[in-house]
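Reckoned from all heavy atoms, side chains included, excluding hydrogens, waters and symmetry mates. This is a predicted model, so every value here is computed, not measured.
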Amino acid sequence: MYSMQLRALAARTTSAVAARTALPAARPWTAATLSPLRSFATRIVRPETPPVSPDGKPMSLEIDASAVKQLKKLYASENNDQQALRIIVEAGGCHGFQYKLDLVDATALEPEDVLLENDGAKVVIDDTSLELVSGSKVIFANELIGQEFRLTDNPNAGSSCGCGTSFEVKF
């Protein structure tokens, strides 16, 4: 009996996932199309054509609700919603590459920048850095040792340091 219920649940889940992954041609591209099982509303604002990796896969980041909430607080406290969290990946750190995050003017973007948005919260990242962190999640961590924006769940990281600011690229 339990086995039959489990099979029925699996069949319903499979058909629901299949229905969500079938995208009509007119539907705008969002980061949610990367993984139909994860629900997030991060969308690429710029460029118009979504960036793709060298192997042709779409690249994006998830902007978590905690990061959205904190960015909106910052916009309100400074009375400036034209800011964005800039993410840069540069050589360095104890594992080879390190994350650098900073607030910048969202209206002064470089040609290679990708602008992502979730519920008014903006993140800017250059296309080279995006290739190294695509599929990651931007969060705001509020812990006893401090508060900070972080990148987590980087599928391209083979290993990372204990504090989470540097990583080694998975080959």
Q: Is the count of non-hydrogen atoms from other residues, nucleotides or ligands lying under 6.0 Å from D55 atom CG greater than 12?
A: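 Atom CG in D55 is packed in, count exceeds 12.
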Q: Decide yes or no for K122 and L115: does some side-chain heavy atom of the first lie under 4.5 Å from some side-chain heavy atom of the second?
A: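 A side-chain contact exists here, since the closest heavy-atom pair is under 4.5 Å.
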Q: Would you name the heavy atoms of V89 and S129 that are closest together and state the gap between them?
A: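 Looks like N-OG, 3.0 Å.
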Q: Can you measure from CD (E90) to CZ (F97) and round to the nearest 0.5 angstrom?
A: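 Here the rounded value is 10.5 Å.
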Q: Identify the two heavy atoms, one from S60 and one from S134, that lie closest to each other, and give their separation to 0.1 Å.
A: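 Looking at all heavy atoms of both residues, the shortest contact is N-OG, 3.1 Å.
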Q: For the residue pair L74 and Q83, what are the closest heavy atoms and their distance?
A: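 It is O-NE2, 4.4 Å.
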Q: Would you say V104 and I63 are hydrophobically clustered, going by side-chain heavy atoms of ILVMFWY under 4.5 Å?
A: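 Different clusters.
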Q: I'd like to check the ring pair (Phe, Tyr, Trp, His ring centres under 6.0 Å) partners of Y75; sequence neighbours left out, ordered by chain and number.
A: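 Partners of Y75 by the ring pair (Phe, Tyr, Trp, His ring centres under 6.0 Å) criterion come out as none, since no residue qualifies.
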Q: If you look at every heavy atom in E131 and M59, which pair is closest and at what distance?
A: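 It is CA-SD, 3.5 Å.
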Q: Which residue in the set L101, L116, V124 passes side-chain contact (heavy atoms from CB on, under 4.5 Å) when paired with I87?
A: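 The side-chain contact (heavy atoms from CB on, under 4.5 Å) with I87 is passed solely by L101 among L101, L116, V124.
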Q: If you group Ile, Leu, Val, Met, Phe, Trp and Tyr by side-chain heavy-atom gaps below 4.5 Å, do I139 and L85 land in one group?
A: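 No, no single cluster joins them.
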Q: Is the closest side-chain heavy-atom distance between V138 and L151 below 4.5 Å?
A: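 V138 vs L151: side chains touch.
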Q: Indicate the atoms forming the closest heavy-atom contact of P47 with D113, along with that distance.
A: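 P47 and D113 have their closest heavy atoms at CD-O, 4.3 Å.
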Q: Can you see which heavy atom on R86 is nearest to which on D126, and at what distance?
A: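 For R86 versus D126, the nearest heavy atoms are NH1-N, 4.3 Å.
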Q: Look up atom OG in S66 and atom NZ in K137, then write down how far apart they are to the nearest 0.5 Å.
A: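 The OG atom of S66 sits 8.0 Å away from the NZ atom of K137.
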Q: Carefully, step by step, assess Y99 and N154 under the rule side chain to side chain contact (heavy atoms under 4.5 Å, CB included).
A: CA-CA 11 Å; Y99 306 115; N154 185 351; 3.1 Å; yes
Q: Is the shortest heavy-atom distance from the side chain of L71 to the side chain of F140 under 4.5 Å?
A: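 No - every pair of side-chain heavy atoms lies 4.5 Å or more apart.
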Q: Ignoring hydrogens and geometry, is there a side-chain-to-backbone donor-acceptor pair from Q98 to K100 under 3.5 Å?
A: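 No; zero donor-acceptor contacts below 3.5 Å.
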Q: I'd like to know if E143 pairs up with R150 as an ion pair, taking the criterion as any Lys NZ or Arg NE/NH1/NH2 lying under 4.0 Å from an Asp or Glu carboxylate oxygen.
A: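 Salt bridge present between E143 and R150.
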Q: Report the distance from atom CG of N142 to atom NZ of K69, rounding to the nearest 0.5 Å.
A: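 Going from the CG atom of N142 to the NZ atom of K69 covers 9.5 Å.
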Q: Under the criterion side-chain contact (heavy atoms from CB on, under 4.5 Å), which of L61, D64, V68, V123 is the partner of N118?
A: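 Going through the options one by one, the only one that passes is V68.
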